[in-house]
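Proteins get letters first, then strands, A, B, ... in listed order; numbering begins at 1 in each. These figures come from a predicted structure and were not determined experimentally.
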Amino acid sequence: MTAGMDKISDILAGSRIGRESEIRGWVYRIRGSASKVFVILRDSSGIVQCVGSRESLGEERFKELSSLTIESSLSLRGSVAKDDRAPTGFELKISDFTIYQRNDNFPISKDMSEEFLLDVRHLWVRSREFTAMLKIRSTVFNAFSEFFYNEGYYEVHTPMMVSTATEGGSTLFKLPFFGEEVSLSQSSQFYLETLIFSLEKVFTVAPSFRAEKSRTWRHLTEYWHGEAEVAWMNNEEMMAVEEKMIEHVVRRVLEERQEELSIIKREPAKLERIRTPFLRKKYSEIVKESEIYGLKLKYGDDFGMEEERSITKSLEKPIFVTHYPVALKSFYHRPDPENPSEILCHDLLAPEGYGEIIGGGERIWDLEELKARMQEGNFDPEQYYWYLDLRKYGSVPHSGFGLGMDRLVTWICGLQTIRDAIPYPRTIRRIKP
RNA sequence: GCCGCUGUAGCUCAGUAGGUAGAGCACCCGGCUGUUAACCGGACGGUCGUCGGUUCAAAUCCGACCAGCGGCGCCA
């Protein structure tokens, strides 16, 4: 219906100066006076000021336009001019318009509480800041997948309704399933492991669900999990892939999303220094030098929020923490043959206090070793028969990792809470909208 | 799961020696302005989260409940 429609970005690029243009979108701001009305129109590509005058539109049409409210939808036609008085430097002088919907009061204006904005999240997603974040998020997800395709990985898809826990039973969401009970997936890892025996290098991006009653700035009950699993790869090699992947994602954001970074006030300089190689430290080293971070840690302590914040607060790039004590991680991690009390694993902590975004490492690939570790952890081998089978038939050394995609977006965008990194956050107390 | 906090007009909030509520913004009307989430005037707007208790009298004191927010633990 609209062959000749322009996007607002076409106007902002300067290519329509002195010409007729037709654009459509939503009223971002509107101000009127006796003789002029200023409509700042918004579309997916940006905002531009449009001015209508009583003189050229006529009394009736002028009133029709100037009485519109925020977020009403319309199309506007007029000539384009450069104008420094306009917010984005260009202006459309309105000769004609079509209103699609004249709104009642839009519920959102200035001075909105965090809580209210969450209640009207379905409308708040239209805001400039949120739109900018969504565009960056889109780039992050695209760049993540692109990286693995470029590296020869296969994208695969695993079930979200499952019968086995990956991280422990207490955090499972249970669902009725034809007279039985199933759980929502906490991680695709075990299924990814089954697929390396044919594809060798696999990755997936999928939601994960955890019924942890977490109340923090970096937990969601439903979050997006980027995971990979690779045959023949050790812990060191896995980390090298991950840092290259993070570097690639950050690079793409810097290349494509400068404007959006500026809208959300994220300093690009802080992202520009995300270059490989990242820092690497063993768990035991961190414990040994914990006074440097203002911490008093003893061997065997796990790192909590305060520890991660202190360690990463003044860092300029991410840090891999490796070789955790066996007791601190899940049963499937492979102990270091040189020192079986520590495992060949890594967490990647993002700088500026953001903390853990990746957990990964080598998997136990010996059957008896895996059985023994499962027993210690009270995991029922019957339930995991298929996972154990992988260690019976052509087992190979392999590694993998899981990345919190929403945490990655939170850090890259410099956000205060993970809830602002996803359109519809699911937390212990929020399931609407 | 643990600790803390909040709930008064559509929105943001003020309102305690207990005496049946106020401001700003939004909406509506009018004025003014090449405006920049402008300004001036007027009108509209509330069973003070719910239930119960104390009291002559409760937004205010007490109890229970509901909803949400912040922090910790757990993890990505």
Ring centre gap for Y283(A) and Y299(A) strictly below 6.0 Å
yes
Options A76(B), G1(B), A37(B), nucleotide nearest the side-chain atoms of I418(A):
A76(B)
Classify R419(A) by what it touches in the nucleic acid, base, sugar-phosphate, or nothing, heavy-atom distance under 4.0 Å.
sugar-phosphate
Short N-O contact, E291(A) and K296(A), less than 4.0 angstrom:
no
Got more than 12 heavy atoms from elsewhere within 6.0 Å of CD, E60(A)?
no
Given E267(A) and K270(A), is the salt bridge (Lys or Arg N to Asp or Glu O under 4.0 Å) satisfied, shown in steps?
CA-CA 6 Å; E267(A) 287 176 58; K270(A) 295 205 168 144; 3.7 Å; yes
Please classify the nucleic acid contact of R215(A) as base, sugar-phosphate, or nothing, using heavy-atom distances under 4.0 Å.
base
Paired with U6(B): which nucleotide, if any, by Watson-Crick or G-U wobble criteria at under 3.5 Å for both distances?
A67(B)
Any strand, both distances under 3.5 Å, Watson-Crick or G-U wobble: C39(B) pairs with G31(B)
Base, sugar-phosphate, or nothing: which does E227(A) touch, judged by heavy atoms less than 4.0 Å apart?
nothing
Checking N1-N3 plus N6-O4 or O6-N4 for Watson-Crick, or N1-O2 and O6-N3 for wobble, each under 3.5 Å, the partner of U55(B) is none
Answer yes or no: is there a side-chain heavy-atom contact under 4.5 Å between D119(A) and R430(A)?
yes
Pick the P atom in C62(B) and in G18(B), then give their distance to the nearest Å.
11 Å
May I have the step-by-step check of side chain to side chain contact (heavy atoms under 4.5 Å, CB included) for M305(A) and W217(A), ending in yes or no?
CA-CA 11 Å; M305(A) 193 56 242; W217(A) 61 271; 3.7 Å; yes
Ring stacking, Y223(A) with base of A76(B), under 5.5 Å and under 30°?
yes
Only pairs with both distances under 3.5 Å count, Watson-Crick or wobble alike; so what is the partner of G1(B) in this structure?
C72(B)
Any donor-acceptor N/O pair under 3.5 Å between G34(B) base and E91(A) side chain
yes
Indicate, yes or no, whether a donor-acceptor pair under 3.5 Å links the base of C74(B) to the side chain of S214(A).
yes
How would you label the contact of I108(A) with the nucleic acid (heavy atoms, under 4.0 Å): base, sugar-phosphate, or nothing?
nothing
Please give the distance between the P atoms of C27(B) and C72(B) as a whole number of Å.
39 Å
Using a 4.0 Å heavy-atom cut-off across all strands, classify K432(A) as base, sugar-phosphate, or nothing.
nothing
Using a heavy-atom cut-off of under 4.0 Å over every strand shown, decide if S35(A) touches base, sugar-phosphate, or nothing.
nothing
Base, sugar-phosphate or nothing for D347(A)? Non-hydrogen atoms, less than 4.0 Å.
nothing
Could you tell me whether P87(A) contacts a base, only the sugar-phosphate backbone, or nothing, with contacts defined as non-hydrogen atoms closer than 4.0 Å?
base
Counting any heavy atom closer than 4.0 Å, what does R42(A) reach on the DNA or RNA strands: base, sugar-phosphate only, or nothing?
nothing
I358(A) near the nucleic acid: base, sugar-phosphate alone, or nothing, with a heavy-atom cut-off under 4.0 Å?
sugar-phosphate
Would you say a side-chain N or O of K36(A) is under 4.0 Å from OP1 or OP2 of G34(B)?
no
Watson-Crick or G-U counterpart of A21(B), or none if no pair lies under 3.5 Å:
none
Could you work out the separation of G19(B) and U55(B) based on their C1' atoms and round it to a whole Å?
12 Å
Kindly say whether, by distance alone, the side chain of Q49(A) makes a donor-acceptor pair under 3.5 Å with the base of U35(B)?
yes
Watson-Crick or G-U wobble mate for A14(B), both contacts under 3.5 Å
none
For C72(B), does OP1 or OP2 lie under 4.0 Å from any side-chain N or O of R309(A)?
yes
OP1 or OP2 of A38(B) sitting under 4.0 Å from any side-chain N/O of R31(A)?
yes
When you compare A58(B) with U20(B), how far apart are their P atoms, in angstrom units rounded to a whole number?
11 Å
